[in-house]
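Counting starts at 1 for both ligands and their atoms, following the listed order. Excluded from the calculations below are hydrogen atoms, water molecules and symmetry mates; all remaining heavy atoms, backbone and side chain alike, are included.
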Amino acid sequence: MNYDVKDIKLAREGVLRIEWANQNMPVLNRIKARFKKEKPLKGKRLAACLHVTTETASLMQTLKAGGAQVFLCASNPLSTQDDVAASLVKNDKISTFAIKGENNKTYYKHIHAVIDQKPHYTMDDGADLVSTLHSERKEMLEFLEGGTEETTTGVIRLKSMAADKVLQYPIVAVNDAQTKHFFDNRYGTGQSTIDGIIRATNRLLAGSTFVVCGYGWCGRGLAMRARGMGAKVVVTEVDSLAALEAVMDGFTVMPIKKAAKEGDFFCTVTGNINVIRQEHFKVMKDGAIVANSGHFNVELDLKGLNALAKKKRMIREFVEEYLLQDGRRINILGDGRLINLAAAEGHPSSVMDMSFANQALSIEYMVKMKKALPLDVHPVPQRIDTAIANEKLAAMGTKIDRLTPEQKKYLSSWDLGT
Ligand code: ADE
């Protein structure tokens with residue numbers, strides 16, 4: 001079996017942490033048990049490019065239980081948990097290619113390693129795997145039957161590939177399922193980003209001004225949790241509707257140019273490029289702490305900041321202090337990479353339970369469709385989304401009401417008015 005991990009001896013720690021995550025993933029566990037019996041993925045090779053975490057390990061075990069041959073690489077050079085990668089190889093016999101802190105060359109070498117296995121299905125988080133297949137490894141496209149995408153940024157990339165008519169196999173946009181982005185993007189990002197910032201800095205949020213750039217699902221979750229920690233939260237936006245929502249949610253909204261002068265903490269969650277630029281670094285307070293929790297490390301203009309700096313040093317693990325010509329210090333966390341996975345452990349397992357249930361069931365759905373899906377980016381079928389919501393509620397012991405026959409009739413009628 002091929003693999004490339006930091007140290008196989010770390011497997012002993014990894015297996016315990018995976019078990020800890022599994023304890024909080026009831027929906028995925030039920031799918032795993034059914035997959036073990038039914039083997040719906042039998043004979044399929046699956047290449048996954050995901051953050052290599054304890055929760056991802058649980059998903060890989062599920063796919064393997066379903067009969068798939070699974071190959072895993074990292075979807076970010078800094079997000080791998082080395083003990084998990086080791087355990088997947090040693091205990092689960094899953095070919096894993098991922099090392100925390102790998103450079104760009106190794107990152108892509110690992111993506112090529114999973115492509116070398118001639119996958120029938122891909123599972124991506126950010127679309128680097130699909131994009132490499134379509135640019136550098138076109139000869140492998142003939143084996144591909146379908147794929148899934150985990151995140152907003154990846155779905156945007158894949159939709160532009162479909163619009164440009166270059167996408168060569170169908171994709172299911174797991175991110176767009178309601179049981180994914182309502183919970184993972186909001187509550188997962190909200191908690192894990194605060195966790196990453198605190199683990200990296202050990203600074204007090206109470207009483208500080210915390211600037212959240214972007215008020216999509218991730219921004220909403222982050223702003224909500226920063227407020228919960230006692231920070232004064234400022235939101236920056238480019239979309240008028242999202243800005244209005246932030247105002248009505250009780251946040252102060254202003255342009256980044258103004259917020260740059262006021263913030264103690266900054267975190268970007270926009271999915272866009274150069275959101276905090278040189279002109280903004282120029283006016284920040286001495287000691288400002290700047291992080292990103294969007295998928296790619298392009299949201300902070302680190303080149304622009306570099307040009308202002310006379311010296312840089314790692315003052316703590318994950319905190320790089322840029323000393324500017326005028327004596328001010330700007331602290332960049334985790335090299336501008338998604339801070340919740342770089343300095344913390346990503347979203348907690350309870351929320352990944354639903355995201356990864358969507359992943360497992362979407363792959364099963366594609367296999368069942370037997371290549372009948374058109375070349376496009378498709379939604380997760382509503383019945384899968386609803387089934388996951390029902391399973392999660394049941395696992396939490398929460399019961400809900402049912403419509404009475406009278407209510408059902410009322411909802412489908414148009415003649416009952418005032
Ligand atoms: N993305 C965010 N959090 C994650 C986690 N815990 N595992 C895998 N992918 C993630």
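Taking the charged nitrogens against the carboxylate oxygens, R17 and E345 do have a contact shorter than 4.0 Å, which makes a salt bridge. R225 has no carboxylate O lying under 4.0 Å from a charged side-chain N of D195, or vice versa, which leaves the two without a salt bridge. Ion pairing of E139 with R137 is present here, as a side-chain N (NZ or NE/NH1/NH2) and a carboxylate O approach within less than 4.0 Å. A salt bridge does not link E321 with R316: every distance from a Lys NZ or Arg NE/NH1/NH2 to an Asp or Glu carboxylate oxygen is 4.0 Å or more.
By the 4.0 Å heavy-atom criterion, E345 is counted among the residues contacting ligand 1. Residue contact check for ligand 1: L50 places no non-hydrogen atom closer than 4.0 Å to it.
Nearest protein heavy-atom neighbour of atom 1 (N) of ligand 1: H51 CD2, 3.6 Å.
Those atoms of ligand 1 that come under 4.0 Å of a heavy atom in F356, given as number and element, are 8 (C). Heavy-atom contacts of L341 reach the following atoms of ligand 1: 1 (N), 2 (C) (cutoff under 4.0 Å). Using a 4.0 Å cut-off to heavy atoms of M352, the atoms of ligand 1 that qualify are 3 (N), 4 (C), 5 (C), 6 (N), 7 (N), 8 (C), 9 (N), 10 (C). Remark: ligand 1 atoms within the under-4.0 Å shell around heavy atoms of T56 are 7 (N), 8 (C).
Using cut-offs of 30° and 60° for the angle between ring planes, the F265 and F210 rings count as parallel.
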Inset, instruction - Please report the C-alpha distance between K64 and D92 in whole Å, then the side-chain angles of each, then the deciding distance to 0.1 Å, and finally whether the salt bridge (charged side-chain N to carboxylate O under 4.0 Å, His left out) criterion is met. - result: CA-CA 9 Å; K64 190 174 175 192; D92 298 299; over 6 Å; no

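Here H347 has heavy atoms under 4.0 Å from ligand 1 in both its backbone and its side chain.
In this comparison of T189, T193, T53, D184, the heavy atom closest to atom 7 (N) of ligand 1 sits on T53.
Close N/O approach between D125 and ligand 1 is not found [any backbone or side-chain N/O within under 3.5 Å].
Within the 3.5 Å criterion, the main-chain N or O of I99 finds no donor-acceptor partner in the side chain of D82.
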